[in-house]
Amino acid sequence: YQYGWRKLSNAYYSDKPWPEPHYVEMLTENSVFVNLYTELYFRHWHERLRTNLTLSQRTEAYENYITLIDYIVDSDKPVPLALPHQWLWDIVEEFIYQFLEFNKFKVLNKGKLSDEDKACAEEDEGTTWNILVVINSLESFVKVSKINEQLEAYLQGQAPQDVVDDPFADCTLYKYLGYFSLVGLMRLHTITGDYAQALDTVRNVEMSLSMSALVPACQIALYHFVGFCYLMMGRYQDAARTFDVILEFILKAETHFTTPTGFNTIKHEKEQIFSLLALAHTLCPQQLDDQVGKELIRKEGELIRKARSGDQSAVEEMFRRGMPSFLNTSVCLEGFYDGVDEHPDPKTEQLEVFMEMIKLQNKLHQVRSFLELYKTLKVSKLAALLGMQESDVISLLHFYKKKGDQVVWESGSPRNGVRKSAESLDFYIDEGTIYVASVTVSKTYAERFVKESQRVIKTMKSTASNKPNNRYSNNNNSKRGGGGGKNNNGSRTGSSSSSSTHQRRKIYFKGKKNQ
(Lines give C-alpha, C1' and ligand atoms only; values in the text may rest on other atoms or scores of the structure.)
Protein backbone atom coordinates (compact mmCIF):
# COMPACT_ATOMS: atom_id res chain seq x y z
CA TYR A 1 0.00 0.00 0.00
CA GLN A 2 2.64 2.53 1.04
CA TYR A 3 4.96 2.05 -1.92
CA GLY A 4 3.16 0.10 -4.66
CA TRP A 5 0.20 2.46 -5.10
CA ARG A 6 2.40 5.55 -5.10
CA LYS A 7 4.92 3.96 -7.45
CA LEU A 8 2.17 3.16 -9.96
CA SER A 9 0.66 6.64 -9.54
CA ASN A 10 3.99 8.31 -10.28
CA ALA A 11 4.67 6.07 -13.24
CA TYR A 12 1.30 6.14 -15.02
CA TYR A 13 -1.04 8.69 -13.38
CA SER A 14 1.14 11.58 -12.25
CA ASP A 15 -1.05 14.18 -13.99
CA LYS A 16 -4.29 12.30 -14.65
CA PRO A 17 -6.82 10.31 -12.64
CA TRP A 18 -6.86 6.58 -12.18
CA PRO A 19 -9.52 4.61 -14.12
CA GLU A 20 -13.04 5.40 -12.88
CA PRO A 21 -14.49 3.05 -10.25
CA HIS A 22 -17.27 1.74 -12.53
CA TYR A 23 -14.59 0.06 -14.69
CA VAL A 24 -13.38 -1.79 -11.60
CA GLU A 25 -16.96 -2.83 -10.82
CA MET A 26 -17.03 -4.60 -14.19
CA LEU A 27 -14.03 -6.72 -13.14
CA THR A 28 -15.09 -7.81 -9.65
CA GLU A 29 -18.21 -8.41 -7.59
CA ASN A 30 -16.40 -7.59 -4.34
CA SER A 31 -18.12 -4.36 -3.24
CA VAL A 32 -15.64 -3.73 -0.41
CA PHE A 33 -12.74 -3.82 -2.87
CA VAL A 34 -14.59 -1.30 -5.06
CA ASN A 35 -15.18 0.94 -2.00
CA LEU A 36 -11.50 0.89 -1.08
CA TYR A 37 -10.44 1.51 -4.69
CA THR A 38 -12.89 4.44 -4.90
CA GLU A 39 -11.41 5.88 -1.70
CA LEU A 40 -7.92 5.76 -3.25
CA TYR A 41 -9.27 7.07 -6.56
CA PHE A 42 -10.70 10.26 -5.01
CA ARG A 43 -7.73 10.66 -2.70
CA HIS A 44 -5.52 10.75 -5.82
CA TRP A 45 -7.86 13.39 -7.29
CA HIS A 46 -7.61 15.57 -4.16
CA GLU A 47 -3.84 15.21 -4.01
CA ARG A 48 -2.90 15.89 -7.64
CA LEU A 49 -5.94 17.28 -9.48
CA ARG A 50 -7.66 19.23 -6.72
CA THR A 51 -8.66 22.27 -8.79
CA ASN A 52 -10.49 20.11 -11.35
CA LEU A 53 -12.88 18.45 -8.89
CA THR A 54 -16.56 19.15 -9.48
CA LEU A 55 -19.33 19.23 -6.91
CA SER A 56 -20.74 15.93 -8.17
CA GLN A 57 -17.33 14.25 -7.73
CA ARG A 58 -16.98 15.59 -4.19
CA THR A 59 -20.48 14.30 -3.46
CA GLU A 60 -19.60 10.89 -4.86
CA ALA A 61 -16.47 10.74 -2.67
CA TYR A 62 -18.60 11.58 0.38
CA GLU A 63 -21.17 8.88 -0.44
CA ASN A 64 -18.40 6.31 -0.86
CA TYR A 65 -17.03 7.14 2.60
CA ILE A 66 -20.47 6.81 4.17
CA THR A 67 -20.97 3.45 2.44
CA LEU A 68 -17.60 2.18 3.70
CA ILE A 69 -18.25 3.43 7.26
CA ASP A 70 -21.73 1.87 7.33
CA TYR A 71 -20.28 -1.46 6.16
CA ILE A 72 -17.75 -1.46 9.03
CA VAL A 73 -19.98 -0.08 11.80
CA ASP A 74 -23.38 -1.64 11.08
CA SER A 75 -22.15 -5.22 10.84
CA ASP A 76 -23.38 -7.77 13.42
CA LYS A 77 -19.86 -9.09 13.85
CA PRO A 78 -16.37 -7.76 13.03
CA VAL A 79 -15.97 -7.55 9.26
CA PRO A 80 -13.33 -9.80 7.63
CA LEU A 81 -11.12 -6.91 6.63
CA ALA A 82 -7.44 -6.35 7.45
CA LEU A 83 -5.73 -3.13 6.38
CA PRO A 84 -2.31 -1.68 7.29
CA HIS A 85 -2.28 0.77 10.21
CA GLN A 86 -1.10 3.53 7.87
CA TRP A 87 -4.07 2.98 5.54
CA LEU A 88 -6.54 3.12 8.45
CA TRP A 89 -5.03 6.43 9.58
CA ASP A 90 -5.11 7.75 6.02
CA ILE A 91 -8.82 6.89 5.70
CA VAL A 92 -9.67 8.93 8.83
CA GLU A 93 -7.34 11.80 7.93
CA GLU A 94 -8.52 11.96 4.31
CA PHE A 95 -12.16 11.89 5.44
CA ILE A 96 -11.56 15.05 7.49
CA TYR A 97 -9.39 16.64 4.80
CA GLN A 98 -12.01 16.21 2.07
CA PHE A 99 -14.64 17.61 4.44
CA LEU A 100 -12.51 20.76 4.94
CA GLU A 101 -11.82 21.03 1.20
CA PHE A 102 -15.55 20.80 0.46
CA ASN A 103 -16.27 23.74 2.77
CA LYS A 104 -13.53 25.80 1.10
CA PHE A 105 -15.08 24.92 -2.25
CA LYS A 106 -18.49 26.01 -0.94
CA VAL A 107 -17.19 29.43 0.16
CA LEU A 108 -15.23 30.08 -3.04
CA ASN A 109 -17.95 28.93 -5.46
CA LYS A 110 -21.09 30.35 -3.91
CA GLY A 111 -23.05 31.75 -6.84
CA LYS A 112 -20.41 30.60 -9.36
CA LEU A 113 -21.45 26.99 -9.96
CA SER A 114 -21.64 25.39 -13.38
CA ASP A 115 -24.98 24.09 -14.66
CA GLU A 116 -24.07 20.52 -13.73
CA ASP A 117 -23.01 21.57 -10.22
CA LYS A 118 -26.15 23.69 -9.80
CA ALA A 119 -28.33 20.64 -10.37
CA CYS A 120 -26.25 18.69 -7.86
CA ALA A 121 -26.45 21.53 -5.30
CA GLU A 122 -30.26 21.71 -5.58
CA GLU A 123 -30.52 18.00 -4.77
CA ASP A 124 -28.01 18.28 -1.94
CA GLU A 125 -29.88 20.64 0.46
CA GLY A 126 -26.85 20.93 2.75
CA THR A 127 -26.61 17.23 3.67
CA THR A 128 -23.37 16.40 1.80
CA TRP A 129 -20.29 16.76 4.00
CA ASN A 130 -22.41 18.13 6.83
CA ILE A 131 -20.30 18.65 9.95
CA LEU A 132 -22.76 16.77 12.15
CA VAL A 133 -22.59 13.73 9.86
CA VAL A 134 -18.79 13.85 9.85
CA ILE A 135 -18.60 14.02 13.66
CA ASN A 136 -21.22 11.27 14.08
CA SER A 137 -19.34 9.02 11.64
CA LEU A 138 -16.12 9.32 13.66
CA GLU A 139 -18.07 8.91 16.91
CA SER A 140 -19.52 5.65 15.56
CA PHE A 141 -15.99 4.22 15.21
CA VAL A 142 -15.22 5.27 18.79
CA LYS A 143 -18.43 3.76 20.11
CA VAL A 144 -18.32 0.40 18.33
CA SER A 145 -14.63 -0.17 19.16
CA LYS A 146 -15.12 0.79 22.83
CA ILE A 147 -11.73 2.43 22.59
CA ASN A 148 -12.42 4.87 25.45
CA GLU A 149 -13.20 2.00 27.82
CA GLN A 150 -10.03 0.20 26.75
CA LEU A 151 -7.83 3.26 27.19
CA GLU A 152 -9.40 4.02 30.57
CA ALA A 153 -8.64 0.48 31.72
CA TYR A 154 -5.05 0.91 30.55
CA LEU A 155 -4.72 4.17 32.52
CA GLN A 156 -5.92 2.36 35.65
CA GLY A 157 -3.32 -0.36 35.22
CA GLN A 158 -5.76 -3.03 34.05
CA ALA A 159 -5.67 -5.23 30.98
CA PRO A 160 -8.24 -3.88 28.46
CA GLN A 161 -9.37 -7.39 27.47
CA ASP A 162 -10.24 -8.13 31.11
CA VAL A 163 -12.49 -5.07 31.34
CA VAL A 164 -14.05 -4.98 27.87
CA ASP A 165 -15.42 -8.31 26.67
CA ASP A 166 -16.51 -7.54 23.12
CA PRO A 167 -15.49 -9.07 19.77
CA PHE A 168 -15.31 -5.61 18.15
CA ALA A 169 -12.95 -4.34 20.87
CA ASP A 170 -10.63 -7.32 20.30
CA CYS A 171 -10.47 -6.71 16.54
CA THR A 172 -7.38 -4.76 15.42
CA LEU A 173 -9.31 -3.04 12.63
CA TYR A 174 -11.89 -1.54 15.00
CA LYS A 175 -9.40 -0.77 17.75
CA TYR A 176 -7.19 1.36 15.51
CA LEU A 177 -10.07 2.99 13.66
CA GLY A 178 -11.49 3.99 17.06
CA TYR A 179 -8.15 5.37 18.26
CA PHE A 180 -7.48 7.29 15.05
CA SER A 181 -11.04 8.66 15.15
CA LEU A 182 -10.36 10.09 18.63
CA VAL A 183 -7.40 12.01 17.20
CA GLY A 184 -9.55 13.11 14.24
CA LEU A 185 -12.35 14.33 16.52
CA MET A 186 -9.84 16.26 18.63
CA ARG A 187 -8.62 17.96 15.45
CA LEU A 188 -12.17 18.91 14.44
CA HIS A 189 -12.92 20.40 17.86
CA THR A 190 -9.62 22.31 17.77
CA ILE A 191 -10.24 23.92 14.38
CA THR A 192 -13.74 24.96 15.47
CA GLY A 193 -12.25 26.72 18.54
CA ASP A 194 -13.61 24.37 21.24
CA TYR A 195 -10.30 23.65 22.97
CA ALA A 196 -11.71 22.25 26.21
CA GLN A 197 -13.84 19.76 24.27
CA ALA A 198 -10.81 18.83 22.15
CA LEU A 199 -8.80 17.87 25.24
CA ASP A 200 -11.82 16.11 26.70
CA THR A 201 -12.06 13.98 23.54
CA VAL A 202 -8.61 12.50 24.21
CA ARG A 203 -9.10 12.41 27.98
CA ASN A 204 -8.22 8.68 28.13
CA VAL A 205 -5.21 8.94 25.83
CA GLU A 206 -1.94 8.84 27.71
CA MET A 207 0.58 11.05 25.94
CA SER A 208 3.34 8.50 26.45
CA LEU A 209 1.16 5.73 25.01
CA SER A 210 2.89 4.13 22.04
CA MET A 211 -0.29 2.97 20.25
CA SER A 212 0.01 5.79 17.70
CA ALA A 213 3.78 5.36 17.31
CA LEU A 214 3.13 2.80 14.56
CA VAL A 215 1.91 5.72 12.44
CA PRO A 216 4.20 8.76 12.94
CA ALA A 217 1.70 11.12 11.27
CA CYS A 218 -0.90 10.25 13.93
CA GLN A 219 1.62 10.73 16.75
CA ILE A 220 2.62 14.13 15.38
CA ALA A 221 -1.00 15.25 14.87
CA LEU A 222 -1.89 14.23 18.44
CA TYR A 223 0.94 16.28 20.01
CA HIS A 224 0.47 19.16 17.57
CA PHE A 225 -3.21 19.77 18.35
CA VAL A 226 -2.94 19.00 22.08
CA GLY A 227 -0.11 21.55 22.30
CA PHE A 228 -2.14 24.14 20.41
CA CYS A 229 -5.09 23.62 22.78
CA TYR A 230 -2.75 24.16 25.74
CA LEU A 231 -1.47 27.36 24.13
CA MET A 232 -4.96 28.80 23.59
CA MET A 233 -6.00 27.85 27.13
CA GLY A 234 -3.04 29.72 28.66
CA ARG A 235 -1.17 26.55 29.68
CA TYR A 236 2.08 27.78 28.13
CA GLN A 237 4.36 25.47 30.08
CA ASP A 238 2.45 22.39 28.93
CA ALA A 239 2.34 23.73 25.37
CA ALA A 240 6.12 24.23 25.24
CA ARG A 241 6.77 20.80 26.77
CA THR A 242 4.41 19.08 24.30
CA PHE A 243 5.95 20.80 21.27
CA ASP A 244 9.46 20.08 22.56
CA VAL A 245 8.75 16.34 22.92
CA ILE A 246 7.29 15.89 19.45
CA LEU A 247 9.94 18.02 17.73
CA GLU A 248 12.66 15.92 19.37
CA PHE A 249 10.91 12.85 17.93
CA ILE A 250 10.62 14.42 14.44
CA LEU A 251 14.26 15.57 14.31
CA LYS A 252 15.49 12.09 15.24
CA ALA A 253 13.10 10.15 12.99
CA GLU A 254 12.59 12.38 9.93
CA THR A 255 15.22 10.51 7.92
CA HIS A 256 12.96 7.43 8.13
CA PHE A 257 9.90 9.16 6.63
CA THR A 258 10.21 7.56 3.23
CA THR A 259 6.97 8.28 1.38
CA PRO A 260 7.15 11.68 -0.42
CA THR A 261 3.66 12.85 0.52
CA GLY A 262 4.06 11.77 4.14
CA PHE A 263 7.44 13.50 4.34
CA ASN A 264 6.11 16.75 2.84
CA THR A 265 3.13 16.76 5.20
CA ILE A 266 5.30 16.12 8.24
CA LYS A 267 7.85 18.72 7.09
CA HIS A 268 5.09 21.36 6.84
CA GLU A 269 3.70 20.36 10.24
CA LYS A 270 7.20 20.53 11.74
CA GLU A 271 7.55 24.15 10.62
CA GLN A 272 4.16 24.98 12.17
CA ILE A 273 5.12 23.36 15.48
CA PHE A 274 8.43 25.26 15.58
CA SER A 275 6.52 28.55 15.24
CA LEU A 276 4.14 27.54 18.03
CA LEU A 277 7.04 26.44 20.25
CA ALA A 278 8.72 29.81 19.69
CA LEU A 279 5.50 31.49 20.83
CA ALA A 280 5.10 29.29 23.93
CA HIS A 281 8.78 29.65 24.81
CA THR A 282 8.52 33.43 24.52
CA LEU A 283 5.55 33.52 26.90
CA CYS A 284 6.96 30.95 29.32
CA PRO A 285 10.72 30.35 28.92
CA GLN A 286 11.91 26.90 29.98
CA GLN A 287 14.64 24.39 29.28
CA LEU A 288 14.32 22.56 25.95
CA ASP A 289 16.03 19.59 24.37
CA ASP A 290 19.49 20.64 23.13
CA GLN A 291 18.89 19.80 19.47
CA VAL A 292 15.40 21.34 19.49
CA GLY A 293 16.70 24.47 21.23
CA LYS A 294 19.48 25.00 18.66
CA GLU A 295 17.07 24.49 15.76
CA LEU A 296 14.55 26.86 17.38
CA ILE A 297 17.13 29.63 17.67
CA ARG A 298 18.21 29.08 14.06
CA LYS A 299 14.66 29.23 12.71
CA GLU A 300 12.85 31.61 15.05
CA GLY A 301 15.57 33.37 17.05
CA GLU A 302 14.98 36.81 15.53
CA LEU A 303 11.20 36.67 16.04
CA ILE A 304 11.65 35.51 19.64
CA ARG A 305 13.97 38.46 20.32
CA LYS A 306 11.49 40.93 18.82
CA ALA A 307 8.55 39.40 20.69
CA ARG A 308 10.35 39.63 24.03
CA SER A 309 11.12 43.28 23.37
CA GLY A 310 7.37 43.95 23.01
CA ASP A 311 6.96 43.77 19.23
CA GLN A 312 3.32 42.70 18.72
CA SER A 313 3.83 42.05 15.01
CA ALA A 314 6.41 39.33 15.79
CA VAL A 315 3.92 37.55 18.05
CA GLU A 316 1.24 37.86 15.39
CA GLU A 317 3.56 36.45 12.71
CA MET A 318 4.48 33.42 14.83
CA PHE A 319 0.81 32.73 15.54
CA ARG A 320 -0.21 33.04 11.88
CA ARG A 321 2.56 30.69 10.76
CA GLY A 322 1.75 28.09 13.39
CA MET A 323 -2.04 28.06 13.70
CA PRO A 324 -4.11 25.33 12.00
CA SER A 325 -6.75 26.00 9.32
CA PHE A 326 -9.77 27.03 11.37
CA LEU A 327 -13.29 26.16 10.29
CA ASN A 328 -16.36 28.40 10.31
CA THR A 329 -19.14 26.10 11.51
CA SER A 330 -21.89 28.31 10.11
CA VAL A 331 -20.58 27.59 6.60
CA CYS A 332 -20.75 23.84 7.26
CA LEU A 333 -24.47 23.97 8.10
CA GLU A 334 -25.47 26.03 5.08
CA GLY A 335 -26.34 24.92 1.59
CA PHE A 336 -25.09 26.59 -1.59
CA TYR A 337 -28.12 28.89 -1.83
CA ASP A 338 -28.88 29.87 1.77
CA GLY A 339 -27.09 31.87 4.43
CA VAL A 340 -25.11 35.06 4.06
CA ASP A 341 -22.66 35.69 1.22
CA GLU A 342 -19.72 36.58 3.47
CA HIS A 343 -18.62 35.13 6.78
CA PRO A 344 -16.03 36.43 9.25
CA ASP A 345 -12.63 34.82 8.81
CA PRO A 346 -12.20 32.31 11.69
CA LYS A 347 -8.40 32.74 11.57
CA THR A 348 -8.75 36.46 12.20
CA GLU A 349 -11.18 35.86 15.04
CA GLN A 350 -8.86 33.40 16.79
CA LEU A 351 -5.89 35.73 16.28
CA GLU A 352 -7.79 38.60 17.91
CA VAL A 353 -8.65 36.43 20.93
CA PHE A 354 -5.03 35.38 21.32
CA MET A 355 -3.67 38.92 20.94
CA GLU A 356 -5.97 40.14 23.71
CA MET A 357 -4.27 37.67 26.04
CA ILE A 358 -0.86 38.82 24.82
CA LYS A 359 -1.59 42.48 25.59
CA LEU A 360 -2.08 41.60 29.25
CA GLN A 361 1.00 39.39 29.10
CA ASN A 362 3.14 42.31 27.85
CA LYS A 363 2.17 44.39 30.86
CA LEU A 364 3.28 41.54 33.09
CA HIS A 365 6.63 41.39 31.28
CA GLN A 366 7.21 45.01 32.28
CA VAL A 367 6.45 44.22 35.91
CA ARG A 368 8.77 41.21 35.82
CA SER A 369 11.64 43.20 34.28
CA PHE A 370 11.57 45.59 37.26
CA LEU A 371 11.14 42.87 39.89
CA GLU A 372 14.24 41.07 38.55
CA LEU A 373 16.36 44.13 39.47
CA TYR A 374 15.40 44.27 43.16
CA LYS A 375 15.17 42.12 46.26
CA THR A 376 12.94 44.68 47.99
CA LEU A 377 10.95 47.39 46.28
CA LYS A 378 8.38 49.89 47.47
CA VAL A 379 5.00 49.71 45.75
CA SER A 380 5.13 53.49 45.33
CA LYS A 381 8.46 53.26 43.51
CA LEU A 382 7.18 50.51 41.18
CA ALA A 383 4.08 52.63 40.48
CA ALA A 384 6.33 55.54 39.51
CA LEU A 385 8.43 53.32 37.23
CA LEU A 386 5.31 51.99 35.49
CA GLY A 387 3.53 55.34 35.43
CA MET A 388 0.48 53.95 37.25
CA GLN A 389 -1.49 54.50 40.44
CA GLU A 390 -0.48 52.43 43.48
CA SER A 391 -3.91 50.76 43.66
CA ASP A 392 -3.62 49.76 39.97
CA VAL A 393 -0.13 48.36 40.57
CA ILE A 394 -1.36 46.22 43.46
CA SER A 395 -4.17 44.87 41.24
CA LEU A 396 -1.63 44.17 38.51
CA LEU A 397 0.63 42.32 40.97
CA HIS A 398 -2.32 40.16 42.07
CA PHE A 399 -3.03 39.42 38.41
CA TYR A 400 0.67 38.59 37.86
CA LYS A 401 0.52 36.17 40.78
CA LYS A 402 -2.58 34.50 39.37
CA LYS A 403 -1.17 34.19 35.84
CA GLY A 404 2.07 32.78 37.23
CA ASP A 405 0.18 29.75 38.53
CA GLN A 406 -0.65 27.41 35.67
CA VAL A 407 -2.25 24.01 35.45
CA VAL A 408 0.67 21.72 34.60
CA TRP A 409 0.32 18.18 33.26
CA GLU A 410 2.17 15.46 35.17
CA SER A 411 0.78 12.12 33.98
CA GLY A 412 -2.25 10.42 32.51
CA SER A 413 -4.87 12.27 30.48
CA PRO A 414 -3.83 15.46 28.62
CA ARG A 415 -6.59 17.44 30.35
CA ASN A 416 -5.23 16.51 33.81
CA GLY A 417 -2.86 18.73 35.72
CA VAL A 418 -1.99 20.30 39.04
CA ARG A 419 -1.70 24.01 39.68
CA LYS A 420 1.95 25.05 39.93
CA SER A 421 3.96 28.21 39.67
CA ALA A 422 5.51 28.53 36.24
CA GLU A 423 7.52 31.60 37.25
CA SER A 424 11.14 31.70 38.35
CA LEU A 425 10.34 34.74 40.53
CA ASP A 426 8.17 34.84 43.62
CA PHE A 427 7.21 37.80 45.77
CA TYR A 428 4.92 38.97 48.53
CA ILE A 429 3.78 42.41 49.70
CA ASP A 430 4.08 43.50 53.34
CA GLU A 431 3.23 47.04 54.50
CA GLY A 432 3.77 48.63 51.10
CA THR A 433 7.04 46.80 50.36
CA ILE A 434 7.49 44.08 47.75
CA TYR A 435 9.88 41.30 48.78
CA VAL A 436 11.28 39.42 45.78
CA ALA A 437 12.93 35.99 45.75
CA SER A 438 14.22 33.80 42.95
CA VAL A 439 12.82 30.26 42.92
CA THR A 440 14.89 28.96 40.01
CA VAL A 441 15.86 25.34 40.52
CA SER A 442 19.54 24.74 39.95
CA LYS A 443 20.22 22.95 36.68
CA THR A 444 21.13 19.26 36.78
CA TYR A 445 24.07 18.40 34.58
CA ALA A 446 23.88 14.59 34.78
CA GLU A 447 21.63 14.22 31.74
CA ARG A 448 23.69 16.75 29.76
CA PHE A 449 26.89 14.88 30.69
CA VAL A 450 25.43 11.55 29.52
CA LYS A 451 24.22 13.05 26.22
CA GLU A 452 27.56 14.69 25.48
CA SER A 453 29.44 11.49 26.40
CA GLN A 454 27.27 9.49 23.99
CA ARG A 455 27.89 12.08 21.30
CA VAL A 456 31.68 11.91 21.81
CA ILE A 457 31.65 8.08 21.70
CA LYS A 458 29.58 8.14 18.50
CA THR A 459 31.99 10.65 16.93
CA MET A 460 35.04 8.58 17.92
CA LYS A 461 33.52 5.41 16.46
CA SER A 462 32.61 7.22 13.28
CA THR A 463 36.12 8.67 13.00
CA ALA A 464 37.73 5.28 13.63
CA SER A 465 35.60 3.56 10.99
CA ASN A 466 36.41 6.25 8.40
CA LYS A 467 40.13 6.47 9.20
CA PRO A 468 42.26 5.43 6.15
CA ASN A 469 44.96 2.79 6.53
CA ASN A 470 48.48 4.27 6.92
CA ARG A 471 50.79 2.67 4.38
CA TYR A 472 54.48 3.27 3.77
CA SER A 473 55.43 2.22 0.29
CA ASN A 474 58.63 2.13 -1.75
CA ASN A 475 59.22 1.54 -5.43
CA ASN A 476 58.65 -2.23 -5.24
CA ASN A 477 56.15 -2.89 -2.44
CA SER A 478 54.20 -1.33 0.44
CA LYS A 479 54.01 -2.38 4.07
CA ARG A 480 52.02 -1.24 7.09
CA GLY A 481 53.72 1.29 9.33
CA GLY A 482 55.57 0.00 12.39
CA GLY A 483 57.95 -2.50 10.81
CA GLY A 484 59.79 0.04 8.69
CA GLY A 485 60.48 -0.18 4.98
CA LYS A 486 63.71 -0.16 3.01
CA ASN A 487 65.28 2.90 1.48
CA ASN A 488 67.16 3.00 -1.80
CA ASN A 489 70.37 1.82 -0.15
CA GLY A 490 68.71 -1.28 1.24
CA SER A 491 68.79 -0.15 4.87
CA ARG A 492 65.60 -0.07 6.95
CA THR A 493 63.85 3.17 7.73
CA GLY A 494 61.53 3.80 10.62
CA SER A 495 62.97 1.17 12.98
CA SER A 496 65.95 3.35 14.03
CA SER A 497 63.63 6.24 14.67
CA SER A 498 61.38 4.02 16.73
CA SER A 499 64.38 2.68 18.69
CA SER A 500 65.73 6.16 19.45
CA THR A 501 62.30 7.29 20.59
CA HIS A 502 62.12 4.27 22.93
CA GLN A 503 65.56 5.13 24.38
CA ARG A 504 64.51 8.74 25.00
CA ARG A 505 61.41 7.54 26.89
CA LYS A 506 63.54 5.25 29.08
CA ILE A 507 65.92 8.09 29.92
CA TYR A 508 63.03 10.43 30.66
CA PHE A 509 61.26 8.05 33.05
CA LYS A 510 64.56 7.08 34.68
CA GLY A 511 65.28 10.74 35.33
CA LYS A 512 61.80 11.22 36.79
CA LYS A 513 62.34 8.22 39.08
CA ASN A 514 65.68 9.59 40.36
CA GLN A 515 64.04 12.92 41.08
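Starting from 1, each residue takes its place in the sequence as its number.
For the atom pair NZ of Lys175 and CG of Asp170, the computed distance is 6.5 Å after rounding to the nearest 0.5 Å. In this structure, OG on Ser137 lies 11.5 Å from OH on Tyr65, to the nearest 0.5 angstrom. Atom CD1 of Ile91 sits about 7.5 Å away from atom CZ of Phe141, to the nearest 0.5 Å. Atom-to-atom distance recorded for Ile434:CD1 and Leu397:CG is 5.0 Å, nearest 0.5 angstrom. In this structure, NZ in Lys267 is found 13.0 Å from CD1 in Ile250, a value given to the nearest 0.5 Å. In this structure, CD1 on Ile220 lies 4.0 Å from CD1 on Ile266, to the nearest 0.5 angstrom.
The two residues Phe99 and Leu327 make their nearest non-hydrogen contact at CE2-CD2, 3.5 Å. Minimum heavy-atom separation, Ala307 to Met318: CB-CE, 3.7 Å. Nearest heavy-atom pair, Ala314 versus Lys306, reported as atom, atom and distance to 0.1 Å: CB-CB, 3.7 Å. The two residues Ser145 and Gln150 have their closest heavy-atom pair at O-NE2, 2.9 Å. Between Glu269 and Ala221, the shortest heavy-atom contact is OE2-CA, 3.7 Å. Minimum heavy-atom separation, Leu283 to Tyr236: CD1-CE2, 3.5 Å.
In summary, Asp238 and Arg241 engage in a salt bridge, as defined by a charged side-chain N under 4.0 Å from a carboxylate O. Taking 4.0 Å as the cut-off between side-chain N and carboxylate O, Lys143 and Glu139 do not count as a salt-bridged pair. Using a cutoff of 4.0 Å between basic side-chain nitrogens and carboxylate oxygens, Glu302 and Arg305 are scored as salt-bridged. A salt bridge is absent between Arg43 and Glu47: the closest approach of a Lys/Arg side-chain nitrogen to an acidic carboxylate oxygen does not fall below 4.0 angstrom.
Atom NZ of Lys381 sits in a sparse spot, with 12 or fewer heavy atoms from other residues, nucleotides or ligands closer than 6.0 Å.
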Could you list the donor-acceptor pairs under 3.5 angstrom formed between side-chain atoms of residues 180-197 and any protein atom two or more places apart in sequence or on another chain?
| from | atom 1 | to | atom 2 | distance (Å) |
| --- | --- | --- | --- | --- |
| Ser181 | OG | Leu177 | O | 2.7 |
| Thr190 | OG1 | Met186 | O | 2.7 |
| Thr192 | OG1 | Leu188 | O | 3.0 |
| Thr192 | OG1 | His189 | O | 3.0 |
| Asp194 | OD1 | Gln197 | N | 3.3 |
| Tyr195 | OH | Gln350 | OE1 | 2.6 |

* Carefully, step by step, assess Ile69 and Ser140 under the rule side chain to side chain contact (heavy atoms under 4.5 Å, CB included). => CA-CA 9 Å; Ile69 292 169; Ser140 65; 4.1 Å; yes
* Start with the C-alpha distance between Thr59 and Leu55, add both sets of side-chain angles, then the distance that settles side chain to side chain contact (heavy atoms under 4.5 Å, CB included), and finish with yes or no. => CA-CA 6 Å; Thr59 302; Leu55 178 59; 4.2 Å; yes
* To do: Would you check, one step at a time, whether the test side chain to side chain contact (heavy atoms under 4.5 Å, CB included) holds for Leu222 with Tyr179?
  => CA-CA 11 Å; Leu222 174 64; Tyr179 184 87; 4.0 Å; yes
* Begin with the C-alpha distance, continue with both residues' side-chain angles, and end with the deciding distance and a verdict on side chain to side chain contact (heavy atoms under 4.5 Å, CB included) for Met232 and Phe354. => CA-CA 7 Å; Met232 296 302 289; Phe354 185 76; 3.8 Å; yes
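Residues that satisfy the salt bridge (charged side-chain N to carboxylate O under 4.0 Å, His left out) test with Glu356, not counting sequence neighbours, are Lys359. Listed by chain and residue number, Glu271, Phe274, Glu295 satisfy the side chain to side chain contact (heavy atoms under 4.5 Å, CB included) test with Lys299 (two or more places apart in sequence, or in another chain).
Looking at heavy atoms from C-beta onward, Ile457 lies out of side-chain contact with Met460 at the 4.5 angstrom threshold. Between Pro414 and Tyr230 the shortest side-chain heavy-atom distance falls below 4.5 Å. For the pair Gln86 and Trp89, the minimum side-chain heavy-atom distance is below 4.5 Å. Considering only heavy atoms from C-beta on, Leu296 comes within 4.5 Å of Ile304 through its side chain. By the 4.5 Å heavy-atom criterion applied to side chains, Gln291 and Leu247 are not counted as neighbours. Side-chain contact between Leu151 and Leu155 is absent, with no heavy-atom pair separated by less than 4.5 Å. Two residues are said to be in side-chain contact when any heavy atoms from C-beta on lie closer than 4.5 Å; Met323 and Phe228 meet this criterion. Counting only heavy atoms from C-beta outward, the side chains of His398 and Ile394 approach each other to under 4.5 Å.
Shown are Tyr374, Phe370, Tyr400; of these, the ring-ring contact (aromatic ring centres under 6.0 Å, His included) with Phe427 is made only by Tyr400. Looking at Phe95, Trp129, Phe42, Phe105 one by one, the single match for ring-ring contact (aromatic ring centres under 6.0 Å, His included) with Tyr62 turns out to be Trp129.
For Glu101 and His46, the side-chain atoms include no donor-acceptor pair closer than 3.5 Å.
Judged by distance alone, with hydrogens and angles left aside, the side-chain atoms of Gln286 form no donor-acceptor pair with the main-chain N or O of His281 at under 3.5 Å. With hydrogens and angles ignored, the 3.5 Å screen pairs no side-chain donor or acceptor of Glu300 with any backbone N or O of Leu277. Under the 3.5 Å distance criterion, the side-chain polar atoms of Asp244 are left unmatched by any main-chain donor or acceptor of Ala240.
Aromatic ring pairs are classed by plane angle as parallel below 30°, tilted from 30° to 60° and perpendicular above 60°; the pair Tyr176 and His85 is tilted.
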